[in-house]
Amino acid sequence: MILISGITGRVGKSAARHLLASGYQVRGFTRDLSKAEDLKAAGAEIHVIEPDSLDFSEGLNEIQTIILVTGNNPGQAAHEIAIAKSAVAKGTERIIKISSMEAGPDATAPFPKAHFEIEQAISELPISLQSLRPNFFMQNMLLFAHSIVNMNCFALPLGSAKTAIVDATDVGVAAAEIAMRDDLQKNEYDLCGSQLLSFTEVAQQLSASLGREIRYQPISINEFQEGLAKAIPSTWHVNAVVSLFSEIAKGALEDMSNDLHDILGKEPTSISDFAERHRASLE
């Protein structure tokens, strides 16, 4: 049986659906059962984890592989490390960790620093670890859906920086494929879309897909922080996102890899395909 630690998230839900469709037994952790009703109906076994609980022992019985993916939060490192340690005690053989392309010893933003801390802690345990490091998620563009719909533009503090923007759904499918297959044994996979693009180029591709001009508006990091503070109540989260985007603006994600193409056996989702799938939210 395969466990997905955050089964209701973007990556976790995609991985679960792919595994279930392939005939695998899937168990998932969630803190909100209502978000997992569709997966439960599809055959997933759902365990509700109490808020702030670090006791995962019951849900880890008879688990061979864990897809370790949780939302970014101040307790993420403690949460994922606790799962890994409990998994070792239960005899789990492998962890597939959804990490970050920026994760490394020199990371300064809280999100990639936490991912690197988790990777280092798990690497010291007697369990196999594979790290999946995605680039900038296409789903982040949906955060600007209101602006795209009403003003035909989106604003980011990324200047002319480029990313190999990637669909989180593809990342979930890749995690599932690695869990299922014996031929995917690399310790690290960099998961990228098929093109390295500036956000001006992202806007141009959205324009072509939606049939109207969409503009990218570069803004300062201070303007970005002020806007986030109005929408996100957590000061920690606002500061963490600002720190992350500051790294991206300096070129932290200007890398390409064919790993995702090789895992999927086809081209990753294009911006055009993504826009078409989410047309109802962008028109």
Side-chain angles (χ1 to χ4, degrees), residues 10-11 72 99-104 106-109 111-112 115 132-171 174 189-228 231 238 240-262 264 266-279 281-283:
R10 297 174 297 191
V11 173
N72 295 314
S99 184
S100 164
M101 188 166 281
E102 304 101 312
D106 299 325
T108 59
F111 298 161
H115 284 304
L132 277 57
R133 297 180 169 177
N135 208 292
F136 192 91
F137 281 145
M138 289 182 182
Q139 278 74 5
N140 291 334
M141 301 306 301
L142 298 177
L143 299 175
F144 309 100
H146 182 270
S147 176
I148 291 172
V149 169
N150 292 285
M151 293 179 284
N152 292 320
C153 73
F154 61 93
L156 285 169
L158 299 179
S160 59
K162 295 186 176 185
T163 71
I165 190 167
V166 65
D167 186 359
T169 301
D170 283 351
V171 174
Y189 289 92
D190 290 336
L191 304 183
C192 298
S194 58
Q195 293 179 290
L196 194 62
L197 301 170
S198 70
F199 283 89
T200 297
E201 293 169 320
V202 170
Q204 290 169 348
Q205 293 199 16
L206 284 174
S207 299
S209 300
L210 298 174
R212 67 185 197 276
E213 183 183 4
I214 308 297
R215 294 177 293 104
Y216 161 55
Q217 177 62 53
I219 57 175
S220 71
I221 199 70
N222 289 335
E223 289 175 304
F224 182 65
Q225 185 166 9
E226 289 174 4
L228 279 183
V238 169
V241 172
V242 168
S243 180
L244 179 67
F245 276 57
S246 295
E247 289 191 0
I248 296 173
K250 296 174 183 176
L253 293 180
E254 293 188 2
D255 289 305
M256 279 293 296
S257 166
N258 291 322
D259 285 348
L260 184 57
H261 176 280
D262 294 343
L264 299 178
K266 61 180 182 179
E267 287 295 320
T269 298
S270 66
I271 292 173
S272 176
D273 290 339
F274 179 83
E276 184 61 37
R277 196 167 81 230
H278 295 280
R279 181 174 289 275
S281 299
L282 299 171
E283 286 190 332

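- Here the shortest heavy-atom pairing between L228 and V242 reads CD1-CG2, 4.1 Å.
- Note: H278 and F274 meet the aromatic proximity criterion, with ring centroids under 6.0 Å apart.
- F137 meets the ring-ring contact (aromatic ring centres under 6.0 Å, His included) test with no other residue; sequence neighbours excluded.
- Considering CZ of F144 and CG of L142, their distance stands at 10.0 Å, rounded to 0.5 Å.
- Under the salt bridge (Lys or Arg N to Asp or Glu O under 4.0 Å) criterion, D167 pairs with R277, not counting sequence neighbours.
- Within the structure, salt bridge (Lys or Arg N to Asp or Glu O under 4.0 Å) contacts touching residues 241-260 (residues at least two apart or in different chains) are K186-D259.
- Taking the six-membered ring for Trp and thresholds of 30 and 60 degrees, Y216 and F199 have ring planes inclined between 30 and 60 degrees apart.
- In terms of heavy-atom proximity, H115 sits nearest to S100 at CD2-CB, 3.4 Å.
- Looking at E226, its side chain never comes within 3.5 Å of a backbone N or O of E223 through a donor-acceptor pair.
- Proximity of V238 to Q225: side-chain heavy atoms (C-beta onward) are separated by under 4.5 Å at one or more points.
- With contacts defined as side-chain heavy-atom distances shorter than 4.5 Å, the pair F111/V241 qualifies.
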What donor-acceptor contacts under 3.5 angstrom involve side-chain atoms of residues 149-162, with partners at least two apart or in another chain?
residue: N150; atom: ND2; partner: H146; partner atom: O; Å: 2.8
residue: N150; atom: ND2; partner: H146; partner atom: NE2; Å: 3.2
residue: N152; atom: OD1; partner: R212; partner atom: NE; Å: 2.5

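- The shortest non-hydrogen separation linking C192 to L260 is O-CD2, 3.5 Å.
- Q139 places a side-chain N or O within donor-acceptor distance of the main-chain N or O of A168, the cut-off being under 3.5 Å.
- Evaluation of the side chain to side chain donor-acceptor pair (under 3.5 Å) rule for D170 yields T269 as partners, not counting sequence neighbours.
- Here OG of S147 is found 11.0 Å from CG of L282. Values are rounded to the nearest 0.5 Å.
- Separating the CG atom in L210 from the CD1 atom in I148 is a distance of 7.5 Å, to the nearest 0.5 Å.
- Closest heavy-atom contact between N140 and R10: OD1-NH1, 3.6 Å.
- Between M101 and D190, the closest heavy-atom pair is CE-CB, 3.7 Å.
- Checking side-chain atoms of S194 against main-chain N and O of P268 turns up no donor-acceptor pair under 3.5 Å.
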Could you give me the CA-CA distance, side-chain angles and deciding distance for I165 and M141, then say whether side-chain contact (heavy atoms from CB on, under 4.5 Å) is met?
CA-CA 10 Å; I165 190 167; M141 301 306 301; 4.2 Å; yes
Please test L197 against I271 for side-chain contact (heavy atoms from CB on, under 4.5 Å), starting from the C-alpha separation and ending with a verdict.
CA-CA 11 Å; L197 301 170; I271 292 173; 3.5 Å; yes
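- Of the residues E267, E201, Q205, the one that meets the side-chain hydrogen bond (donor to acceptor under 3.5 Å, both in side chains) test with Q195 is Q205.
- Partners of E283 according to the salt bridge (Lys or Arg N to Asp or Glu O under 4.0 Å) rule, which considers only residues two or more places apart in sequence or in another chain, are R279.
- For N135 (side chain) and A164 (main-chain N/O), a donor-acceptor pair under 3.5 Å exists by modelled atom type.
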Checking E102 against L253 for the side-chain contact (heavy atoms from CB on, under 4.5 Å) test, could you report, in this order, the C-alpha distance in whole Å, the side-chain angles of both residues, the deciding distance, and whether it holds?
CA-CA 7 Å; E102 304 101 312; L253 293 180; 3.6 Å; yes
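- The backbone N or O of L132 sits nowhere less than 3.5 Å from a side-chain atom of S99 that would complete a donor-acceptor pair.
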